[in-house]
Amino acid sequence: MQIRVLGSAAGGGFPQWNCNCPNCSGVRQGSINAQMRTQSSIIVGNGSPDWALINASPDVLTQIKQTPVLQPARQMRDSGIAAVVLMDAQVDHVTGLMMLRERNSPLPIYATQQVFDDLTAGLPLVKTLSHYCTVEQRLISPEQENFSIPELTGIAFTPITLSSKAPPYSPHRHDPHPGDNIGLLMTDITSGKKAFYAPGLGVIEPQVEQAMRQADVLLVDGTFWTDDEMISMGLSSKRAIDMGHLAQSGPGGMLEELASHSTKRRILIHINNTNPILREDSPQALQLKALGIEVAFDGMHIEI
Ligand code: MLT
Ligand code: MN
Ligand code: ZN
């Protein structure tokens with residue numbers, strides 16, 4: 001199984017278009033040791049030209065240009081994106097769907113009922129796309145054991161319900177339902193090796209812990225270093241947890257959780273532009289290095 005990180009930043013990207021925080025202005029000016037990152041997405045493949053796009057970032061066109069394997073050219077109009085799998089209906093995970101409208105066959109999208117509901121009501125992308133390529137809705141039930149993607153043999157996908165947050169426009173924002181957000185345990189059927197992907201992860205519940213135990217590689221929520229990161233910078237009144245993200249530092253934080261998985265490859269992904277781990281020489285980045293925890297970057301390859 002092959003995973004490639006198309007976009008390793010959280011919503012807004014790095015730098016964010018309207019942000020002058022030390023990280024954003026520093027990377028823009030080239031005055032800090034950091035690299036730019038696009039918004040949250042990965043692809044998963046089995047070595048064939050067909051890939052699953054996990055989340056469709058607003059930056060998907062740039063990401064496709066930066067990823068030649070997604071342009072196989074088997075015919076005049078062609079794409080390596082065989083299907084899309086959505087973890088939630090957040091703007092940074094779904095708005096790239098609009099950019100895929102020139103497809104000449106219906107776009108297969110795997111999502112929960114909650115996500116399809118949001119994409120039919122509050123942000124009706126599925127309805128809009130019905131006037132272009134059309135969408136083939138493939139329903140993920142959060143209770144189901146696993147599903148496979150016919151276009152992509154050899155990989156089993158297990159949806160893991162988790163606590164994060166439905167988007168601000170969703171009627172579920174303050175009324176959570178199972179299926180608003182999922183993580184994905186992906187298994188290479190031949191080798192039995194597994195990767196767990198959860199770009200939004202607020203609470204490590206038992207089913208999440210179990211999925212993390214089974215996995216050989218963890219790609220998990222790296223949004224914020226501290227729970228009050230946005231508040232202390234004067235950028236928002238919300239804590240990380242209010243936005244559905246478990247901060248890395250502090251008691252009960254992601255680093256404590258990752259400490260109990262020290263034998264595996266552990267990668268933080270979906271990193272907010274305020275996070276000090278983006279500066280490769282920051283004390284926080286050096287702390288991660290010492291712990292053997294990686295920070296995802298655009299173009300990162302993971303072979304499992
Ligand atoms: C989040 O995960 O909280 C998002 O990145 C928010 C957004 O897309 O604006
Ligand atoms: Mn996000
Ligand atoms: Zn910023």
Side-chain angles (χ1 to χ4, degrees), residues 5-32 34-42 53-60 63 85-98 111 114-115 118-119 122-123 125 162-170 172-174 176 180-184 197-203 219-248 254 268-279 282 284 296 298:
V5 176
L6 298 191
S8 51
F14 178 51
Q16 180 173 313
W17 65 282
N18 63 347
C19 191
N20 294 306
C21 77
N23 276 356
C24 287
S25 54
V27 77
R28 225 175 261 125
Q29 287 160 17
S31 61
I32 60 170
Q35 29 175 312
M36 296 189 179
R37 285 166 166 86
T38 63
Q39 294 167 83
S40 187
S41 178
I42 63 170
L53 179 72
I54 318 289
N55 294 325
S57 160
D59 299 319
V60 69
Q63 295 170 343
V85 187
L86 301 176
M87 300 296 93
D88 52 48
Q90 291 270 6
V91 165
D92 61 336
H93 285 163
V94 302
T95 46
L97 293 173
M98 292 307 297
Q114 287 70 23
V115 167
D118 281 340
L119 298 185
L123 182 61
L125 298 183
L162 49 82
S163 291
S164 186
K165 275 278 189 276
Y169 69 81
S170 170
H172 292 180
R173 178 71 170 184
H174 302 292
D180 289 337
N181 304 82
I182 58 168
L184 216 50
Y197 178 57
L201 181 53
V203 187
L219 278 154
V220 291
D221 193 330
T223 313
F224 297 112
W225 181 257
T226 44
D227 190 50
D228 68 350
E229 191 164 309
M230 297 290 275
I231 300 172
S232 67
M233 295 177 81
L235 296 173
S236 168
S237 57
K238 295 197 187 91
R239 311 188 81 83
I241 198 64
D242 301 328
M243 292 181 264
H245 300 294
L246 176 65
Q248 282 115 56
M254 188 63 87
L268 294 170
I269 198 161
H270 187 279
I271 302 147
N272 199 58
N273 55 72
T274 50
N275 193 327
I277 64 175
L278 288 168
R279 290 193 308 276
S282 68
Q284 295 86 348
D298 292 17

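The chain is numbered in sequence order, starting from 1. In this text, all values refer to a predicted model and were calculated from it rather than measured experimentally. Both counts, for ligands and for their atoms, begin at 1 and track the order of listing.
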For atom 5 (O) of ligand 1, state whether the nearest protein heavy atom is under 4.0 Å away.
yes
Would you say that Leu119 contacts Leu86 through its side chain, given a criterion of any heavy-atom pair below 4.5 Å between the two side chains?
yes
Any protein N, O or S atom under 2.8 Å from the Zn ion (ligand 3)? Found Cys19 SG, Cys21 SG, Cys24 SG, Asn273 OD1
May I ask you to test the Phe224-Met243 pair for a side-chain heavy-atom distance under 4.5 Å?
yes
Quick one: does His270 get within less than 4.0 Å of ligand 1, heavy atoms only?
yes
Assess His270: does it contribute an N, O or S atom lying under 2.8 Å from the Mn ion (ligand 2)?
yes
Result for side-chain hydrogen bond (donor to acceptor under 3.5 Å, both in side chains) between Glu229 and one of Thr223, Asn272, Thr274 points to Thr274
Checking side-chain hydrogen bond (donor to acceptor under 3.5 Å, both in side chains) against His270, which of Asn275, Asp92, Asp221 comes through?
Asp92
Would Asp92 count as a contact for the Mn ion (ligand 2), in the sense that one of its N, O or S atoms lies under 2.8 Å from it?
yes
Could you tell me whether the side chain of Met254 reaches within less than 4.5 Å of the side chain of Val220, counting heavy atoms only?
yes
Return the closest protein heavy atom for atom 2 (O) of ligand 1 as residue, atom name and distance.
His245 NE2, 2.9 Å
Test item: side-chain donor near acceptor, Ser41 and Asn55, under 3.5 Å:
no
Gly11 neighbourhood, listing ligand 1 atoms whose heavy-atom distance to it stays under 4.0 Å:
5 (O), 8 (O)
With no hydrogens and no angle check, is any side-chain donor or acceptor of Arg37 less than 3.5 Å from a backbone partner on Ala296?
yes
Which heavy atom in Asp118 sits nearest to a heavy atom in Pro167, and how many Å separate them?
OD2-CD, 3.9 Å
Under 3.5 Å side-chain donor-acceptor pair for Gln114 and Asp180:
no
Ala10, any N or O under 3.5 Å of ligand 1 N or O
no
Going by the order shown, which atoms of ligand 1 are within less than 4.0 Å of some heavy atom of Asp92?
4 (C), 5 (O), 8 (O)
Are Arg239 and Asp227 within salt-bridge range, i.e. N to O under 4.0 Å?
yes
